[in-house]
Amino acid sequence: MEQPADAIGVNDGRPRKKQRSRNKLTLKKMKEQKVLIIMALPFVIWILLFCYGPLIGWLMAFQDYRPGQGIFDQTWVGLKHFRALFKEPLFYQSLKNTLGMGGLGIIFGFLSSIAFALFLNEMRFTKFKKLTQTISYLPHFVSWVIVANIVTTSLSQSGIINNVLMTLNLIQEPLNFMSDPSKFWGIVTAADIWKETGWNAIIYLAAMSGIDQEMYEAARVDGATRLRQMWSITLPAIRPVIMVLLIMSIGNLINIGFEKQMLLGNNIVADKALVLDKYALDYGIGMFRYSYGTAIGIFKSVISIILIFSFNQLAKKTGEGQIM
């Protein structure tokens, strides 16, 4: 039976025009979705005011900014502050510390969160599982002031860590952890892992809950152990989630803040505790060099954008987990 001309894509012997994409935004669709647009409007305004509006302050990096004058009435100096930044040895020291602690945080933070999520997912005692989850979340809501106090007390010469090591005859005399610069990065990373592992595992647990249980049943029928099921079913199933979170974490590699370093640091480990945010605070805003501090902020933002786009392209080549 011959099909009508419209059905096969021709009209009066001439090809029909391709149908426009249904996703194209039109005035009619905007009217149909006006309630959703009104609901989203406050958030759009908030982003414009507090995320994009302040970017006008980036102009200070190209000026000798002096308070009391308008932003457009300042003396323009071009790339003067960026040249000064790249000639400053302390900048490279802070960059090294930032990349070092940020890299350790990403590596061990991801491994610990995924491992903890796998551990919780394999628990069969529901009450104990919920109790463990609740306890693991609590440190996330504790301020870094309290966490730093706990860490400092535990690692002191009379603290619990030294007492345990001496009881096990692993050391003969107490170690002064907080006064050893070579241990500072490890202490900061360990404190961060203890504080955030339970919270970061939530999204992995959510992803694991969506895995088809029939796959596990089929694997058990084939004789797969729990470890084999985790390796061959669970991890591949949550791999896109892992990639997305990894890209976002890498984008924030140099945005690690300065609270941990400031609270856990001291004069002895000051060289290892200096990160970009603290460098901008101490040698920029703290010394009333607002233009210099702004230049540091621009450098951080540019590096973050480059890292996100670079690793997103890498994720696209693997075919999964890209965010753009």
Side-chain angles (χ1 to χ4, degrees), residues 6-7 9 11 15-62 70-72 102 106 109-110 113-114 117 133 137 140-141 143 196 198-212 237-257 259 277 280 290 293-324:
D6 290 343
N11 186 15
R16 294 176 61 188
K17 293 182 180 180
K18 293 183 179 180
Q19 186 179 4
R20 293 185 177 182
S21 173
R22 294 181 179 179
N23 294 328
K24 186 175 181 180
L25 185 64
T26 61
L27 184 61
K28 181 180 179 181
K29 284 189 176 182
M30 292 179 65
K31 289 181 179 179
E32 292 174 352
Q33 300 178 1
K34 60 182 179 181
V35 176
L36 295 177
I37 294 175
I38 293 173
M39 290 175 61
L41 191 60
F43 300 100
V44 174
I45 294 174
W46 184 88
I47 290 174
L48 291 175
L49 288 177
F50 296 100
C51 295
Y52 291 98
L55 291 181
I56 194 172
W58 278 13
L59 294 175
M60 290 192 296
F62 308 96
I71 188 69
F72 297 105
I106 289 176
F110 259 82
S113 298
I114 295 171
Q133 282 182 281
Y137 299 160
H140 172 77
F141 300 100
S143 71
E196 301 295 341
W199 181 259
N200 292 336
I202 293 176
I203 193 167
Y204 298 116
L205 286 170
M208 291 174 189
S209 66
I211 301 175
D212 189 357
I238 66 171
R239 187 164 52 198
V241 176
I242 294 174
M243 288 297 295
V244 169
L245 294 178
L246 180 61
I247 293 171
M248 295 175 67
S249 296
I250 290 174
N252 287 315
L253 178 63
I254 61 175
N255 295 314
I256 62 174
E259 297 90 349
D277 285 320
Y290 301 108
T294 305
I296 299 172
I298 292 177
F299 171 80
K300 288 177 51 187
S301 298
V302 171
I303 295 300
S304 296
I305 292 172
I306 292 174
L307 289 172
I308 288 176
F309 275 93
S310 299
F311 281 89
N312 186 68
Q313 290 300 318
L314 183 62
K316 281 184 177 180
K317 291 182 180 180
T318 64
E320 56 184 334
Q322 63 268 21
I323 62 176
M324 290 177 288

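Quick note: numbers below take in every heavy atom, side chains included, and nothing from hydrogens, waters or symmetry partners.
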Test side-chain contact (heavy atoms from CB on, under 4.5 Å) on Asp277 and Glu259; report intermediate values, then the result. CA-CA 9 Å; Asp277 285 320; Glu259 297 90 349; over 6 Å; no
If you define the side chain from C-beta out and look only at heavy atoms, does anything of Ile56 sit under 4.5 Å from Phe72? yes
Value for CD1 (Ile308) from CG (Asn312), rounded to nearest 0.5 Å, stands at 9.0 Å
Phe299, CZ: over 12 other non-hydrogen atoms inside 6.0 angstrom | yes
Heavy atoms of Ile256 and Gly102 approach each other most closely as CG2-CA, 3.9 Å
dist Phe50:CZ -> Ile45:CD1 (nearest 0.5 Å) comes out at 11.0 Å
Just so I know, are the side chains of Ile47 and Tyr52 near enough to count as touching, which here means a heavy-atom distance under 4.5 Å?
yes
Rounded to the nearest 0.5 angstrom, the CD1-CG distance for Ile114 and Asn200 is 10.5 Å
CZ (Arg239) and CG (Leu246) are apart, to the nearest 0.5 Å, by 13.0 Å
Practice prompt. Show the numbers, then the answer: is there a side-chain contact (heavy atoms from CB on, under 4.5 Å) between Phe311 and Leu253?
Written response: CA-CA 12 Å; Phe311 281 89; Leu253 178 63; over 6 Å; no
- Message: Are Tyr204 and Ile242 packed together at the side-chain level, in the sense that at least one heavy-atom pair is separated by less than 4.5 angstrom?
- Response: yes
Rounded to the nearest 0.5 angstrom, the CG-CD1 distance for Leu307 and Ile254 is 7.0 Å
query = Is the side chain of Ser113 donor-acceptor paired with the backbone N or O of Phe110 at a distance under 3.5 Å, no angle test?
reply = no
Closest heavy-atom pair, Ala280 versus Ile296, reported as atoms and distance to 0.1 Å, is CA-CD1, 3.7 Å
*Should the ring pair Trp199 and Tyr137 be called parallel, tilted or perpendicular, given that the plane angle runs from 0 to 90° and is split at 30 and 60?*
perpendicular
OG of Ser310 to CD1 of Ile305, rounded to nearest 0.5 Å, is 11.5 Å
Sequence neighbours excluded, the answer for side-chain hydrogen bond (donor to acceptor under 3.5 Å, both in side chains) partners of Ser304 is Asn255
Here the pair of heavy atoms bringing Val241 nearest to Ala207 is CG2-CB, 3.9 Å
